[in-house]
Number of protein chains: 2
Amino acid sequence: MESLVKNMNMVQLIFDLQAGLKFAFWNRMSIAHDTKLAQTEPSPTEFTIGHNVGSKGEVDKVMEQAKKAGATITVEANDTFWGVYSDYFQDPDGHLWEVVWNPQWDITE
Amino acid sequence: MESLVKNMNMVQLIFDLQAGLKFAFWNRMSIAHDTKLAQTEPSPTEFTIGHNVGSKGEVDKVMEQAKKAGATITVEANDTFWGVYSDYFQDPDGHLWEVVWNPQWDITE
């Protein structure tokens with residue numbers, strides 16, 4: 001389920017991911033306004049969002065979807081020396097996403 | 001459960017929050033290295049982490065804990081015009097946390 005919340009100049013898009021967890025998109029200007037901080041230059045190295053999937057093929061599939069949706073690939077999918085198969089891309093707002101298959105983690109839908 | 005993962009110069013502290021959800025702390029230099037991006041100046045207005053709790057008293061309690069742990073309060077707890085009781089603080093790395101009681105959301109532990 002997703003919902004769009006509008007409060008004056010603040011617009012949020014909220015996704016219910018699972019019990020107790022929501023993921024919301026909110027523009028930087030509104031974050032600055034609401035937290036009473038000066039808005040600063042975007043910095044992609046502040047955080048990454050990890051999306052763990054169940055196989056290498058699924059990593060490749062999500063990567064293709066991201067490319068088609070306008071993402072910028074910063075690291076193509078590869079077998080890393082620490083044992084996971086992963087990539088990184090930036091969404092159109094510059095936020096970093098990692099799509100990962102980690103054979104040591106069980107993924108439950 | 002938490003675990004400390006060390007890979008060369010990359011150190012991560014990973015918290016298992018609930019089924020399928022992990023929250024990891026990782027330094028900006030490692031994010032830049034791993035994503036092949038240049039490290040940029042910290043920007044607190046990139047994202048906020050929301051912590052929803054079950055009452056106004058619980059908001060105040062978490063706020064006190066954050067203060068004692070060295071947080072910088074940017075917005076003291078208050079009744080907002082959109083109906084929630086919330087505050088904002090920055091952790092010692094500058095990341096923004098919001099502690100919120102939203103009477104329209106059910107909180108399940």
Side-chain angles (χ1 to χ4, degrees), chain A residues 5-8 10 12 14 16-50 52 72-76 80-84 86-90 93-98 102 105-109, chain B residues 5-8 10 12 14 16-50 52 72-76 80-84 86-90 93-98 102 105-109:
Chain A
V5 180
K6 292 188 185 188
N7 293 315
M8 293 175 65
M10 300 182 193
Q12 266 188 303
I14 302 178
D16 287 325
L17 295 188
Q18 64 189 71
L21 180 66
K22 294 174 194 285
F23 188 59
F25 289 86
W26 200 26
N27 69 59
R28 293 175 174 98
M29 187 186 67
S30 295
I31 290 178
H33 179 267
D34 205 39
T35 61
K36 300 197 195 309
L37 290 176
Q39 188 179 344
T40 37
E41 284 296 309
S43 176
T45 54
E46 286 294 283
F47 73 103
T48 70
I49 300 163
N52 280 65
T72 304
I73 312 304
T74 77
V75 179
E76 291 284 350
T80 66
F81 74 86
W82 59 93
V84 308
S86 66
D87 60 61
Y88 280 105
F89 66 83
Q90 287 183 283
D93 293 314
H95 304 312
L96 278 164
W97 293 73
E98 184 182 17
N102 184 336
W105 284 3
D106 284 330
I107 301 295
T108 50
E109 293 293 330
Chain B
V5 180
K6 292 187 184 190
N7 294 314
M8 293 174 66
M10 301 181 192
Q12 266 187 303
I14 302 177
D16 287 325
L17 296 188
Q18 64 188 71
L21 180 65
K22 295 174 195 284
F23 187 61
F25 290 86
W26 200 25
N27 69 59
R28 294 175 173 98
M29 186 185 68
S30 295
I31 290 178
H33 179 266
D34 205 38
T35 60
K36 299 197 196 309
L37 290 176
Q39 187 179 345
T40 37
E41 284 296 310
S43 176
T45 54
E46 286 294 283
F47 73 103
T48 71
I49 301 164
N52 280 65
T72 303
I73 313 303
T74 77
V75 180
E76 292 283 351
T80 65
F81 74 84
W82 59 93
V84 309
S86 66
D87 60 60
Y88 280 105
F89 66 83
Q90 285 183 285
D93 294 314
H95 303 311
L96 278 164
W97 294 72
E98 184 182 17
N102 184 338
W105 284 3
D106 285 330
I107 302 296
T108 51
E109 294 291 330

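Lettering follows sequence order; numbering is per chain, from 1.
Looking at A/Q39, both its backbone and its side chain come within 4.5 Å of chain B, counting heavy atoms on both sides.
Side-chain contact between A/T80 and B/D34 is absent, with no heavy atoms from C-beta onward closer than 4.5 Å. Contact annotation: the side chain of A/W105 approaches that of B/K22 to within less than 4.5 Å [non-hydrogen atoms, C-beta and beyond].
Formation of a donor-acceptor pair under 3.5 Å by the B/S43 side chain with backbone atoms of A/E41 is found in this model. Side-chain N or O atoms of A/T45 include one that pairs as donor or acceptor with a backbone N or O of B/T40 at under 3.5 Å.
Most heavy-atom pairs under 4.5 Å with chain A: of the set B/D87, B/T74, B/T35, B/L21, this distinction falls to B/T35. The most heavy-atom pairs under 4.5 Å with chain B, out of A/P44, A/S86, A/G50, come from A/P44.
From B/K36, atom NZ reaches atom CD1 of A/I73 across 13.5 Å, with rounding to the nearest 0.5 Å. Here B/L37 contributes atom CG and A/Y88 contributes atom OH; the two are 10.0 Å apart, rounded to the nearest 0.5 Å.
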